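What follows is a short report on a single structure.
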Amino acid sequence: MAKVTKRGDELQSKKLELLEDITSTVREIYKIKGPIKDVRTVIDVLGGKVIENSQTDNMDILVCQNGVQIVIPGYIAREQKNMHLAKGIGYIYLYSNYMDNNKKYDVNDAMKMHNIYIFALSFMMPRHEYLQVLLAATKGNVADTKKIAEYFHVPEMSAIMRGVYLGYLELF
């Protein structure tokens, strides 16, 4: 549960606005509508491959001649996998160079990771759709963030943070 704020959809910075525009464009280009139940389907459309590895705790991205490979931990819940893969898509669009084949990308730089996280939140939960779901899941000034998370197939904390970044929710 999270408290609904009165700030509406004011974004916290121009950078967040730009990331919103990029994710909207990516969703439009690939005709992605509604909540994404399994991000693997998007990775497939992008010509990529998902590899689950139970021996790792990290996400790795490899861009090679036959497409993008994203390695994720194999033992985590579907919602967490969705966010890992959405972050992978964010990294590909924000930081990788497709022409630089056979390169493994470092996804651990703190600033990059923050931008990738914002991209992933926006990709999985588009602003206008998030607001509609939030309004349906709100009683008084308290939002049922578990319902929002279930709708978008993401962890509850991701649904909360999306609302915080949009200015709709505040943590209490």
Side-chain angles (χ1 to χ4, degrees), residues 1-46 48 50 52 59 61 68 70 72-73 75-95 107 110-172:
M1 298 285 192
K3 183 178 177 187
V4 178
T5 69
K6 295 183 178 162
R7 289 190 293 163
D9 71 342
E10 283 182 46
L11 294 175
Q12 296 177 6
S13 73
K14 290 290 183 189
K15 182 170 80 172
L16 294 178
E17 208 169 297
L18 178 60
L19 289 170
E20 289 284 332
D21 291 343
I22 292 169
T23 57
S24 291
T25 300
V26 171
R27 287 181 71 105
E28 286 173 25
I29 289 170
Y30 293 101
K31 297 175 177 53
I32 300 166
K33 300 202 184 301
I36 304 167
K37 187 173 184 175
D38 187 350
V39 181
R40 290 170 209 264
T41 58
V42 176
I43 303 291
D44 291 343
V45 169
L46 297 175
V50 176
E52 291 189 34
M59 174 181 61
I61 299 170
V68 176
I70 302 175
I72 59 172
Y75 54 85
I76 58 178
R78 178 182 49 128
E79 294 81 7
Q80 291 171 311
K81 287 177 186 175
N82 280 344
M83 285 304 295
H84 270 298
L85 293 172
K87 289 176 195 174
I89 293 169
Y91 193 87
I92 290 163
Y93 276 93
L94 297 175
Y95 297 108
V107 293
M111 187 172 74
K112 287 181 183 177
M113 285 306 296
H114 179 72
N115 291 343
I116 290 166
Y117 181 65
I118 300 300
F119 178 99
L121 292 174
S122 180
F123 187 78
M124 294 300 293
M125 298 171 275
R127 182 188 338 190
H128 5 300
E129 192 172 357
Y130 184 92
L131 179 58
Q132 291 171 355
V133 174
L134 171 68
L135 292 173
T138 299
K139 292 193 187 215
N141 69 340
V142 178
D144 186 342
T145 52
K146 186 173 181 179
K147 283 184 182 178
I148 298 169
E150 288 170 356
Y151 178 85
F152 288 109
H153 309 284
V154 298
E156 186 176 8
M157 184 51 73
S158 296
I160 292 169
M161 293 311 298
R162 179 66 172 146
V164 169
Y165 282 117
L166 287 171
Y168 297 138
L169 302 176
E170 63 183 32
L171 300 174
F172 60 89

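Note that the structure is a prediction, hence the values are computed from the model and not measured. Nothing fancy with the numbering, it's 1 onward along the sequence.
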Next item on the list: Could you go through the side-chain contact (heavy atoms from CB on, under 4.5 Å) check for Phe152 and Asn82 one step at a time?
Entry: CA-CA 10 Å; Phe152 288 109; Asn82 280 344; over 6 Å; no

Margin query: Assess the residue pair Tyr91 and Ile70 against the criterion (side-chain contact (heavy atoms from CB on, under 4.5 Å)); give the C-alpha distance rounded to whole Å, side-chain angles, the decisive distance to 0.1 Å, and a yes or no.
Written below: CA-CA 11 Å; Tyr91 193 87; Ile70 302 175; over 6 Å; no

Item checked: Step-by-step side-chain contact (heavy atoms from CB on, under 4.5 Å) determination, Leu46 to Ile92 -> CA-CA 10 Å; Leu46 297 175; Ile92 290 163; 5.6 Å; no

Next item on the list: Let me see the working for Ile29 and Thr25 under side-chain contact (heavy atoms from CB on, under 4.5 Å), right down to the final yes or no.
Entry: CA-CA 6 Å; Ile29 289 170; Thr25 300; 3.7 Å; yes

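Rounding to the nearest 0.5 Å gives a distance of 4.0 Å between CD1 of Ile72 and CG of Leu85. Here CD of Gln80 is found 12.0 Å from CE of Met157. Values are rounded to the nearest 0.5 Å. Taking CD1 from Ile116 and CG from Leu121, the interatomic distance works out to 12.0 Å, rounded to the nearest 0.5 Å. Here the straight-line distance linking atom CE of Met124 with atom OG1 of Thr23 works out to 12.0 Å at 0.5 Å rounding. Distance check: Ile89 CD1 to His84 NE2 gives 13.5 Å after rounding to the nearest 0.5 Å. Rounded to the nearest 0.5 Å, atoms CG (Leu131) and OH (Tyr168) are 4.0 Å apart.
In terms of heavy atoms, Lys37 sits closest to His153 at CA-CD2, 3.4 Å. For Tyr117 against Lys87, the heavy-atom pair with the smallest separation is CD1-CE, 3.7 Å. The two residues Ala143 and Leu134 have their closest heavy-atom pair at CB-CD1, 3.4 Å. Nearest heavy atoms, Lys146 versus Glu156: N-OE2, 3.4 Å. The minimum heavy-atom distance linking Val39 with Ala86 is given by the pair CG1-N, 4.1 Å. Here the closest heavy-atom approach between residue Glu20 and residue Ser122 is recorded as OE1-OG, 3.4 Å.
Within the 4.5 Å cutoff, side-chain heavy atoms of Thr145 are placed close to those of Leu169.
At least one donor-acceptor pair under 3.5 Å links the side chain of Tyr130 to the backbone N or O of Ala159. Although no hydrogens or angles enter the test, the distance criterion places a donor-acceptor pair under 3.5 Å between the side chain of Arg27 and the main chain of Gly34. At distances below 3.5 Å, not a single donor-acceptor pair connects side-chain atoms of Arg40 with backbone N or O atoms of Val50.
Taking the six-membered ring where the residue is Trp, His114 and Tyr165 present perpendicular rings, their angle passing 60° and hence far from 30°.
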